Amino acid sequence: MKALPKSLWAATASPALSYPRLDGDALADCVVVGGGFTGLSTALHLATRDLKVVLVEANEPGWGASGRNGGQVIPGLKLDPAELRAKLGEERGRRLTATVGATADLVFHLIEHHGIDCNARRSGWIQGAPGPKGFAEVRQRAEEWAALGADVAVLDRDEVRARIGGGDYVGAFLDRRGGTINPLSYARGLARAAAAAGASIHGDSPAIALERVGQRWKLSTPSGSVTASHAVLCTNGYTDRLWPGLAETVVPLLSSVVATEPLSDNLRQVILPGREGVSETRRVLNWFGIDRDGRLIFGGRASQRETEAAQAFSPVLARLRDLLPILGEPRIQFRWAGYVALTTDHVPHLNELAPNLYAGLGYNGRGVAMSTMMGKLLAERVAGAKPEDIALPVTPIERIPFHGWRATGIALAIGWKRLQDRLNP
Ligand SMILES: Cc1cc2nc3c(=O)[nH]c(=O)nc-3n(C[C@H](O)[C@H](O)[C@H](O)COP(=O)(O)OP(=O)(O)OC[C@H]3O[C@@H](n4cnc5c(N)ncnc54)[C@H](O)[C@@H]3O)c2cc1C
């Protein structure tokens with residue numbers, strides 16, 4: 001079992017319960033692989049329907065991206081409502097829009113309903129636009145969501161500067177449905193809630209084989225097995241070879257984060273006094289926020305190799321200095337990284353891999369709220385909802401061509417996107 005990275009969240013999250021290794025053979029209605037938000041939400045929603053669910057996690061709940069992210073609860077997808085309608089047709093597009101518009105509501109509802117202690121603040125989410133293209137995009141986004149009754153607004157240059165205490169944005173989208181959490185505390189809270197509802201959760205239990213036995217699925221770990229009528233794979237950017245082809249449906253991308261020492265009181269009054277989460281319309285974007293104790297958390301793209309070496313984080317630090325010069329030379333307390341999973345169609349995938357075998361993944365770096373919703377949708381499908389009644393399309397897996405060349409592809413794509421960011425911000 002791998003330890004948690006030495007992240008801010010590992011140092012400040014509410015304590016973990018211990019979830020024993022799966023030992024011996026179990027029977028269930030559904031076995032879930034992966035203890036991030038997707039798997040934990042699936043388990044919670046199944047258990048509250050009185051289904052017997054067993055979840056196996058290779059490490060501990062929240063070990064993957066769910067315990068490493070920026071903690072920004074962002075409703076919606078990268079595609080806006082009109083784009084979803086164009087892609088899926090009027091009716092399905094509208095239904096998916098309603099569902100993705102409600103993802104932050106679901107997160108904050110679960111936190112309240114299950115009493116999850118995770119420093120949740122519904123303080124809003126800002127998406128800064130560095131130039132005319134980005135500003136046109138956020139104005140369009142705000143218009144579309146406002147027409148649907150969402151609590152959103154456009155900020156002009158002075159307004160966004162006043163909220164952030166710096167930045168190079170000509171304007172921004174403000175989504176008051178969003179907010180921030182301590183993500184590892186949230187993952188641990190979801191695990192506790194799922195266990196309290198009757199789910200069996202096992203850490204240190206990597207799934208190493210999955211086979212069809214009669215009408216059921218048998219999932220094996222080194223010290224046990226679960227035989228269940230349904231199985232759900234929730235391994236996102238950490239997907240391994242358990243099911244052939246699943247890893248090739250997404251591009252895993254390492255995202256790096258630094259957190260400063262707690263800022264002085266003076267700086268806290270200037271930098272994000274409202275404690276919103278911030279991201280950007282840039283194609284290669286950075287994001288930031290403030291934690292419970294006033295540390296600035298700043299993330300983005302750096303190395304594609306996981307390492308604690310300070311040097312590997314220098315692209316993120318350079319951007320931080322650029323964006324918030326008021327900080328001076330930031331004193332960094334934590335550095336860590338984690339894998340996001342990108343899809344080529346920019347929409348998360350709910351795959352049906354074989355009869356009664358599902359996967360939910362591919363949140364494109366925006367999965368805190370969406371993965372929680374994905375778990376709810378997966379539970380609906382397992383509990384018998386028809387594919388056409390699920391808000392996301394239920395699709396077979398589609399491997400990305402030339403996936404083996406992804407390292408070269410990522411480097412080329414990022415170089416190209418950075419150039420576009422400079423030419424057409
Ligand atoms: C640095 C970073 C910052 C981010 N910031 C944000 C943000 O601010 N807002 C936002 O909305 N999104 C953000 N994201 C994305 C978000 O964290 C993810 O979309 C979300 O956590 C995905 O959850 P998940 O449960 O699908 O996957 P994960 O949390 O990655 O969980 C997958 C789990 O599967 C387990 N696993 C894999 N294989 C096996 C196996 N064979 N057997 C058993 N277990 C297995 C792994 O151990 C892992 O714990 C960020 C991601 C990163 C990495």
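Atoms within each ligand, like the ligands themselves, are counted from 1 in listed order. Everything numeric here is computed off the predicted structure, so don't read it as measured data.
The shortest contact between atom 9 (N) of ligand 1 and any protein heavy atom is with Gln72 O, 2.8 Å. In this structure, the protein non-hydrogen atom closest to atom 16 (C) of ligand 1 is Gly367 N, 3.9 Å. In this structure, the protein non-hydrogen atom closest to atom 36 (N) of ligand 1 is Thr235 CG2, 3.6 Å. Taking atom 13 (C) of ligand 1 as the reference point, the nearest protein heavy-atom neighbour is Gly365 O, 3.3 Å. The nearest heavy-atom contact from the protein to atom 47 (O) of ligand 1 is Glu57 OE2, 2.6 Å. Here the protein heavy atom with the shortest distance to atom 22 (C) of ligand 1 is Asn236 ND2, 3.6 Å. Atom 10 (C) of ligand 1 has as its closest protein heavy atom Val368 CG2, 3.3 Å. Among all non-hydrogen protein atoms, the one lying nearest atom 34 (O) of ligand 1 is Gly34 CA, 3.5 Å.
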- request: Evaluate the criterion side-chain hydrogen bond (donor to acceptor under 3.5 Å, both in side chains) for residue pair Asp29 and Ser229; output intermediate values, then yes/no.
  value: CA-CA 5 Å; Asp29 295 311; Ser229 50; 4.7 Å; no
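Relative ring orientation between Tyr358 and His230 is described as parallel, the plane-to-plane angle staying below 30° on a 0-90° scale split at 30° and 60°. In this structure, Phe288 and Phe298 have parallel ring planes: the angle between them is below the 30° cut-off, well short of the 60° mark.
Between Arg95 and Asp389, none of the side-chain N atoms (NZ, or NE/NH1/NH2) sits under 4.0 Å from a carboxylate O, so this pair counts as no salt bridge. Note on Asp23 versus Arg21: no salt bridge recorded, every NZ/NE/NH1/NH2 to OD/OE distance being 4.0 Å or above. Using a cut-off of 4.0 Å between Lys/Arg side-chain N and Asp/Glu carboxylate O, Arg241 and Glu248 are scored as salt-bridged. Between Asp168 and Arg319, at least one side-chain N (NZ, or NE/NH1/NH2) sits under 4.0 Å from a carboxylate O, which counts as a salt bridge. Using a cutoff of 4.0 Å between basic side-chain nitrogens and carboxylate oxygens, Arg381 and Glu352 are scored as salt-bridged. Contact check on Arg283 versus Asp421 returns a salt bridge, with a Lys/Arg side-chain nitrogen under 4.0 Å from an Asp/Glu carboxylate oxygen. Ionic pairing of Arg139 and Glu144 is not present here: no N-O contact between side-chain nitrogen and carboxylate oxygen is shorter than 4.0 angstrom. Using a cutoff of 4.0 Å between basic side-chain nitrogens and carboxylate oxygens, Lys78 and Glu83 are not scored as salt-bridged.
Residue-ligand proximity: Val257 is placed with a non-hydrogen atom under 4.0 Å from ligand 1.
Contacts between Arg68 and ligand 1, counted as non-hydrogen atom pairs separated by less than 4.0 Å, involve the backbone only. Residue-level proximity to ligand 1 for Val33 is carried by the side chain, the only part with a heavy atom below 4.0 angstrom. The proximity of Tyr238 to ligand 1, defined as any non-hydrogen pair under 4.0 Å, involves the side chain as well as the backbone. Within the 4.0 Å heavy-atom criterion, the part of Tyr339 lying near ligand 1 is the backbone and not the side chain. Both the backbone and the side chain of Asn69 come within 4.0 Å of ligand 1, judged by heavy-atom distances. Using a 4.0 Å cut-off between heavy atoms, Ala337 makes no contact with ligand 1 at all.
Nearest to atom 29 (O) of ligand 1 by heavy-atom distance, out of Cys234, Gly289, Ser66, is Ser66. Distances from atom 43 (C) of ligand 1 to the heavy atoms of Ala58, Pro5, Gly70 put Ala58 nearest. Residue Ala65 holds the heavy atom nearest to atom 28 (P) of ligand 1 of all those in Gly62, Ala65, Pro183, Gly67. The heavy atom nearest to atom 25 (O) of ligand 1, considering only Val32, Thr42, Leu233, Thr38, is found in Thr38.
Those atoms of ligand 1 with a heavy atom of Val56 less than 4.0 angstrom away are 43 (C), 44 (N). Those atoms of ligand 1 that come under 4.0 Å of a heavy atom in Gly71, given as number and element, are 8 (O). Those atoms of ligand 1 that come under 4.0 Å of a heavy atom in Phe37, given as number and element, are 21 (O), 25 (O). Ligand-side atoms of ligand 1 in range of Pro206: 42 (N), 43 (C), range being under 4.0 angstrom from any heavy atom. In the vicinity of Asn59, heavy-atom distances shorter than 4.0 Å reach the ligand 1 atoms 47 (O). Taking every non-hydrogen atom of Gly338 and a distance limit under 4.0 Å, the qualifying atoms of ligand 1 come out as 53 (C). Atoms of ligand 1 lying under 4.0 Å from any heavy atom of Trp287, numbered from 1 in the order shown and given with element: 3 (C). For ligand 1 and Asp240, the ligand atoms under 4.0 Å from any heavy atom of the residue are 38 (N), 40 (C), 41 (N).
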Expected list for residues 106-118: side-chain donor-acceptor pairs under 3.5 angstrom, two or more places apart:
none

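Ring centroids of Trp217 and Trp243 are separated by less than 6.0 Å, placing the two rings close together. For Phe334 and Trp9, the gap between ring centers reaches or exceeds 6.0 Å.
At least one N or O atom of Ala207, backbone or side chain, sits closer than 3.5 Å to an N or O atom of ligand 1.
Although no hydrogens or angles enter the test, the distance criterion places a donor-acceptor pair under 3.5 Å between the side chain of Asn69 and the main chain of Gly71.
In this structure the side chain of Lys417 never reaches within 4.5 angstrom of the side chain of Arg301, judged on heavy atoms.
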